[in-house]
**Q** 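I have a structure here, written as structure tokens, and I will follow up with some questions on it.
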Amino acid sequence: MINPVRVRFAPSPTGGLHLGGVRTVLFNYLFAKKHGGTFVLRIEDTDQTRFVEGAEAYIFDCLDWTGLTPDESPLRPGDYPPYRQSERKPMYRQYADQLIAQGNAYYAFDTSEELEAMRNNLKTPENPSPQYDHKTRKQMRNSLTLPEAEVEALINAGTPYVVRIKMPENETVHFHDLIRGDISHETNVVDDKVLLKSDGMPTYHLAVVVDDYLMNITHAFRGEEWLPSAPVHIMLYKYLGWEAEMPKWAHLPLILKPDGNGKLSKRDGDRLGFPVFAMDWADPKTGETTKGFKEIGFLPEAFINMLAMLGWSSGTEQEIFSLEQLEQLFSIERVNKGGAKFDYEKAKWFNQQHIQRADNSRLAILVKPFMEAAGIAIDDLSKLDQVIGMVKERCHLLGDFVQQAGFFFKAPEILDIDAIKGKWNEDKTKVMTEWVASLDNIAWEHDVLEQSLTDIAAAHNVKKGEVMMPLRVMLVGGKFGPGVFDIALFIGKEAIQARVKSSLAALA
RNA sequence: GCCGCGUUGGUCAAGGGGUUAAGACGCCUCCCUUUCACGGAGGAAUCACGGGUUCGAUUCCCGUACGUGGUACCA
């Protein structure tokens with residue numbers, strides 16, 4: 001292999017890490033692993049007005065949780081530092097200068113008011129959003145329209161300016177997308193994007209090209225929303241003389257909201273009751289916390305698996321994969337073109353499937369905090385371990401264990417008494433009272449417990465079946481859970497007696 | 001508006017000139033289980049539309065519709 005694969009994920013640290021972001025990380029990571037390459041994390045913090053305290057650390061936390069650890073990052077620099085664009089600021093200017101010298105870019109002095117005025121004046125029903133492009137740049141205040149001496153004077157006087165790319169006229173830009181095939185754009189409809197902002201920072205357009213080139217990135221994967229600006233990036237590679245080193249592109253499909261249409265947003269999650277961020281995100285400005293997949297009870301491997309299947313498939317019937325398997329099987333060509341609606345029900349199914357495959361002892365550690373948050377103390381992890389083995393098949397989220405296993409450790413607070421009340425009678429009260437008393441001197445075995453109940457019921461002309469469900473409700477609180485006698489065995493004589501006694505009182 | 005991209009059941013999807021158009025989630029029925037769940041057996045449900053090309057199009061081409069993204073000194 002001539003060029004070792006190098007891919008990058010380049011988030012801007014402005015808030016919670018979205019599902020779609022994690023999927024982009026995942027596809028980058030899998031591609032790197034598949035090809036024995038390097039996965040780079042680069043922080044895109046060129047917009048200083050959007051800086052959010054803690055957002056970068058949060059991204060690292062999310063990557064740690066998912067296990068999608070970058071090989072190179074601001075925390076683990078490789079051979080191409082720095083890994084934050086704000087720290088790379090001095091590197092961009094020379095390329096902007098080069099483009100200006102070549103006539104491929106120009107200075108623009110228009111103030112935001114002037115830009116707004118231009119857009120307002122040129123706005124028509126047919127063209128609601130006029131661009132700063134080959135047609136309009138001739139009417140603006142830039143180094144294309146102003147005399148050279150004036151441009152120089154303005155710059156010397158410290159007048160704020162930006163550098164814009166000068167898009168050529170009447171050209172067609174072609175490129176090959178690994179997922180979508182050949183794509184072309186007419187340069188006439190692409191605007192003269194700002195390359196260098198007035199604060200000296202590059203925009204995404206300049207930064208992504210310069211950084212990818214300087215960092216030897218071989219494959220650039222990003223969301224579909226970048227497709228319209230791809231021609232700008234392609235032109236930049238050409239103008240800078242880097243065409244041979246241009247990474248191969250792949251524009252990933254979007255993750256859509258489950259109902260209606262459009263990109264999935266945090267709002268949709270709030271509205272429909274599911275997380276959108278990988279982990280809890282506490283916004284330092286509003287103080288508000290948004291739930292994450294981790295905290296709602298997802299296993300990281302399930303989260304990853306679910307995301308992989310949202311837009312990619314192996315071509316086989318298999319749907320449950322470990323990260324290691326995905327690393328072997330992934331191919332960017334098998335990623336779908338169309339956007340995928342997010343389905344929370346299926347996401348939970350993936351989690352349920354991975355819960356079944358997970359070690360009980362590991363689950364016990366993860367479930368404990370959920371129990372404790374619900375006021376159920378766990379002082380013996382091995383007991384929780386044992387219980388998890390009994391109930392895991394009915395849990396979709398780690399939090400489900402509270403409902404499904406809490407009663408093993410603590411008497412249920414609410415009893416579904418209505419489920420048994422209607423058909424309750426004195427005889428049954430006698431059966432339960434006698435059985436509970438008999439517990440003091442019988443062998444503590446499943447079958448013995450069951451036989452004892454059968455016999456006592458028979459003595460009062462009650463069928464065992466009539467008393468099984470009531471016993472379950474008394475012990476667990478409702479019509480669910482593993483075998484009643486398995487539960488009875490586990491919680492012990494005193495707990496049984498106490499729960500039956502208080503239930504009988506509620507029935508009376 | 002303009003430009004780009006997309007479109008296989010409700011959802012995720014396989015397939016890709018001739019197939020009974022896989023599979024999964026969800027839904028429904030039944031079996032298992034003195035509960036629930038798991039598991040098992042079934043069921044309803046799909047190639048956006050119109051033109052070509054072709055002996056034959058879900059598949060290839062062209063339109064249309066619809067959706068979506070972009071149209072910032074945000075990424």
Side-chain angles (χ1 to χ4, degrees), chain A residues 10-14 44-47 49-50 85 108 110-112 115-116 119 123-133 160-164 177 179-180 183-186 188-191 193-205 207-208 222-231 251 253-254 256 258-263 306 309-320 334 336-350 352-353 356 391-396 400 404 419 463-469 471-473 476 478-484:
Chain A
S12 55
T14 51
E44 305 242 341
D45 54 353
T46 54
D47 188 353
T49 64
R50 294 211 303 167
Q85 285 181 336
D110 318 276
T111 64
S112 46
L115 288 172
E116 200 184 325
R119 291 187 181 113
K123 200 192 299 186
T124 61
E126 295 74 42
N127 183 10
S129 42
Q131 306 190 112
Y132 200 121
D133 59 14
Y161 64 87
V162 301
V163 175
R164 287 179 182 271
D177 185 286
I179 295 172
R180 292 154 202 280
I183 295 190
S184 62
H185 290 88
E186 299 301 324
N188 285 354
V189 297
V190 180
D191 62 337
K193 287 264 182 277
V194 170
L195 264 20
L196 210 59
K197 304 188 240 189
S198 55
D199 65 359
M201 276 289 200
T203 59
Y204 171 83
H205 306 293
V208 74
R222 67 205 329 187
E224 184 183 351
E225 66 269 29
W226 290 108
L227 221 31
S229 54
H251 290 87
L254 265 16
L256 278 11
D259 59 339
N261 297 297
K263 258 204 290 196
M306 177 272 289
M309 302 312 285
L310 214 52
W312 177 84
S313 73
S314 69
T316 70
E317 288 187 8
Q318 187 178 350
E319 288 193 280
I320 302 299
R334 288 199 63 85
N336 274 297
K337 297 180 185 54
K341 288 184 182 175
F342 177 66
D343 181 351
Y344 189 48
E345 290 307 314
K346 183 129 189 190
K348 284 195 288 190
W349 175 79
F350 275 108
Q352 192 265 157
Q353 290 295 307
Q356 305 326 305
V391 305
K392 68 197 289 194
E393 66 257 36
R394 55 209 94 195
C395 295
H396 286 76
D400 291 347
Q404 294 298 333
K463 286 188 207 120
K464 181 177 68 161
E466 294 181 84
V467 93
M468 287 288 281
M469 181 54 80
L471 175 58
R472 166 179 299 282
V473 172
V476 324
K479 297 191 277 187
F480 58 89
V484 209

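Per chain, numbering begins at 1; letters A, B, ... match sequence-line order.
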**Q** Give me the distance, rounded to whole Å, that separates C62(B) from C73(B) when you measure between the C1' atoms they each carry.
**A** 42 Å
**Q** The side chain of Asp47(A) is closest to which nucleotide in this list: A75(B), G70(B), C73(B)?
**A** A75(B)
**Q** Please classify the nucleic acid contact of Thr46(A) as base, sugar-phosphate, or nothing, using heavy-atom distances under 4.0 Å.
**A** sugar-phosphate
**Q** If you define the side chain from C-beta out and look only at heavy atoms, does anything of Glu393(A) sit under 4.5 Å from Pro482(A)?
**A** no
**Q** Write down the distance between CD (Glu317(A)) and P (A13(B)), rounded to a whole number of angstrom.
**A** 16 Å
**Q** Rounded to whole Å, how long is the line connecting atom NE2 of His185(A) with atom P of C2(B)?
**A** 16 Å
**Q** Considering every strand and a 4.0 Å limit on heavy-atom distances, what is the contact class for Gln131(A): base, sugar-phosphate, or nothing?
**A** sugar-phosphate
**Q** For the P atoms, the ones on A48(B) and on G10(B), what distance do you get once it is rounded to whole angstrom?
**A** 11 Å
**Q** Nearest whole angstrom, please: distance from the P of U35(B) to the CD of Glu466(A).
**A** 15 Å
**Q** Closest approach to the side chain of Pro128(A), judged atom by atom: which nucleotide of G1(B), C5(B), G69(B) is it?
**A** G1(B)
**Q** Taking CH2 from Trp349(A) and P from G39(B), how many angstroms apart are they, rounded to a whole number?
**A** 9 Å
**Q** Just call it for Ser129(A): base, sugar-phosphate, or nothing, with non-hydrogen atoms closer than 4.0 Å on any strand.
**A** base
**Q** What is the base-pairing partner of U7(B), counting Watson-Crick and G-U wobble geometry with both distances under 3.5 Å?
**A** A65(B)
**Q** Check every strand shown and say whether Pro482(A) touches a base, only sugar-phosphate, or nothing at a heavy-atom separation below 4.0 Å.
**A** base
**Q** Donor-acceptor pair, Asn336(A) side chain versus Gly338(A) backbone, under 3.5 Å?
**A** no
**Q** When you check the gap from the basic side-chain N to the acidic O, do Asp343(A) and Lys341(A) get nearer than 4.0 Å?
**A** no
**Q** Using the C1' atoms only, state how far G23(B) lies from C66(B), rounded to an integer number of Å.
**A** 28 Å
**Q** Of all the nucleotides listed (A72(B), G70(B), A75(B)), which has the minimum atom distance to the side chain of Pro228(A)?
**A** G70(B)
**Q** Using a heavy-atom cut-off of under 4.0 Å over every strand shown, decide if Met469(A) touches base, sugar-phosphate, or nothing.
**A** sugar-phosphate
**Q** Which nucleotide, if any, forms a Watson-Crick or G-U wobble pair with A75(B), using both distances under 3.5 Å?
**A** none
**Q** What nucleic acid atoms does Arg222(A) come within less than 4.0 Å of, heavy atoms only: base, sugar-phosphate, or nothing?
**A** nothing
**Q** Does Lys346(A) get its side chain close enough to the base of A24(B), under 3.5 Å, for a donor-acceptor pair?
**A** yes
**Q** When you measure from the side chain of Thr203(A), which nucleotide among C73(B), U34(B), C5(B) comes out closest?
**A** C73(B)
**Q** Sticking with atom P, work out how far C25(B) lies from A13(B), rounded to a whole angstrom.
**A** 15 Å
**Q** Taking any strand in view, what nucleotide pairs with U35(B) in a Watson-Crick or G-U wobble way, both distances under 3.5 Å?
**A** none
**Q** Between Lys197(A) (NZ) and A75(B) (P), how many Å, whole number?
**A** 4 Å
**Q** Base, sugar-phosphate, or nothing for Ser313(A), non-hydrogen atoms under 4.0 angstrom?
**A** sugar-phosphate
**Q** Between Gln131(A) (side chain only) and Val189(A) (backbone N and O only), is there a donor and an acceptor less than 3.5 Å apart?
**A** yes
**Q** Provide the distance between the two P atoms, one in C61(B) and one in C2(B), to the nearest whole Å.
**A** 24 Å
**Q** Looking at every strand, decide which applies to Gly481(A) at a 4.0 Å heavy-atom threshold: base, sugar-phosphate, or nothing.
**A** base
**Q** Quick one: look up who U54(B) pairs with, Watson-Crick or G-U, both distances under 3.5 Å, and put none if it's unpaired.
**A** none
**Q** At 4.0 Å (heavy atoms only), tell me whether Val194(A) reaches a base, stays on the sugar-phosphate, or touches nothing.
**A** sugar-phosphate
**Q** Would you mind classifying the nucleic acid contact of Lys348(A) as base, sugar-phosphate or nothing, using non-hydrogen atoms under 4.0 angstrom?
**A** nothing
**Q** Can you see if the side chain of Asn336(A) gets near the phosphate of C12(B) - specifically, an N or O under 4.0 Å from OP1 or OP2?
**A** no
**Q** For Gln353(A) and Lys341(A), take the nucleotide of RNA chain B holding the closest heavy atom to each; which residue's nucleotide lies nearer the 5' end?
**A** Lys341(A)
**Q** Starting from P on A13(B), measure out to CD on Glu345(A) and report it in whole angstrom.
**A** 17 Å
**Q** Work out how far the C1' atom of A24(B) is from that of G15(B), and round it to whole angstrom.
**A** 16 Å
**Q** Assign Asp400(A) to base, sugar-phosphate, or nothing according to its heavy-atom contacts below 4.0 angstrom with the strands shown.
**A** nothing
**Q** Can you tell me how far CZ of Arg50(A) sits from CD of Glu44(A), rounded to the nearest 0.5 angstrom?
**A** 11.0 Å
**Q** Contact class for Thr49(A) vs. all strands (heavy atom < 4.0 Å): base, sugar-phosphate, or nothing?
**A** nothing
**Q** Can you find a side chain N or O atom of Arg472(A) that sits less than 4.0 Å from OP1 or OP2 on U33(B)?
**A** no
**Q** Please report the distance, rounded to the nearest Å, between CG in Leu115(A) and C1' in A72(B).
**A** 9 Å
**Q** Only pairs with both distances under 3.5 Å count, Watson-Crick or wobble alike; so what is the partner of U20(B) in this structure?
**A** none
**Q** Check whether any side-chain heavy atom of Arg222(A) lies under 4.5 Å from a side-chain heavy atom of His251(A), and answer yes or no.
**A** yes
**Q** Do the charged groups of Glu116(A) and Arg119(A) touch, with an N to O distance under 4.0 Å?
**A** no
**Q** Students often get this wrong, so: under 4.0 angstrom with heavy atoms, is Leu254(A) touching a base, only sugar-phosphate, or nothing?
**A** sugar-phosphate
**Q** On RNA chain B, does the nearest nucleotide to Asn127(A) precede the nearest nucleotide to Glu225(A) from the 5' side, or the other way round? Give the residue.
**A** Asn127(A)
**Q** Anything under 30° is parallel, anything over 60° is perpendicular, the rest tilted; go ahead and classify Trp226(A) against Tyr204(A).
**A** parallel
**Q** With a non-hydrogen cut-off below 4.0 angstrom, is Gly483(A) in contact with a base, only sugar-phosphate, or nothing?
**A** base
**Q** In whole Å, measure the gap between the P atoms of U8(B) and U58(B) for me.
**A** 15 Å
**Q** Phe480(A) ring centre to Arg394(A) NZ or CZ under 6.0 Å, with the angle to the axis within 45°?
**A** no
**Q** For the P atoms, the ones on U59(B) and on A75(B), what distance do you get once it is rounded to whole angstrom?
**A** 42 Å
**Q** Quiz question: going by heavy-atom distance under 3.5 Å, is there a donor-acceptor pair between the base of C5(B) and the side chain of Arg180(A)?
**A** no
**Q** Figure out the CD/C1' separation between Gln404(A) and U35(B), and round it to whole Å.
**A** 11 Å
**Q** Could you tell me the Watson-Crick or G-U partner of C30(B), where both distances fall under 3.5 Å? Say none if there is no partner.
**A** G40(B)
**Q** Nearest to the side chain of Trp226(A), which nucleotide is it out of U11(B), G4(B), A75(B)?
**A** A75(B)
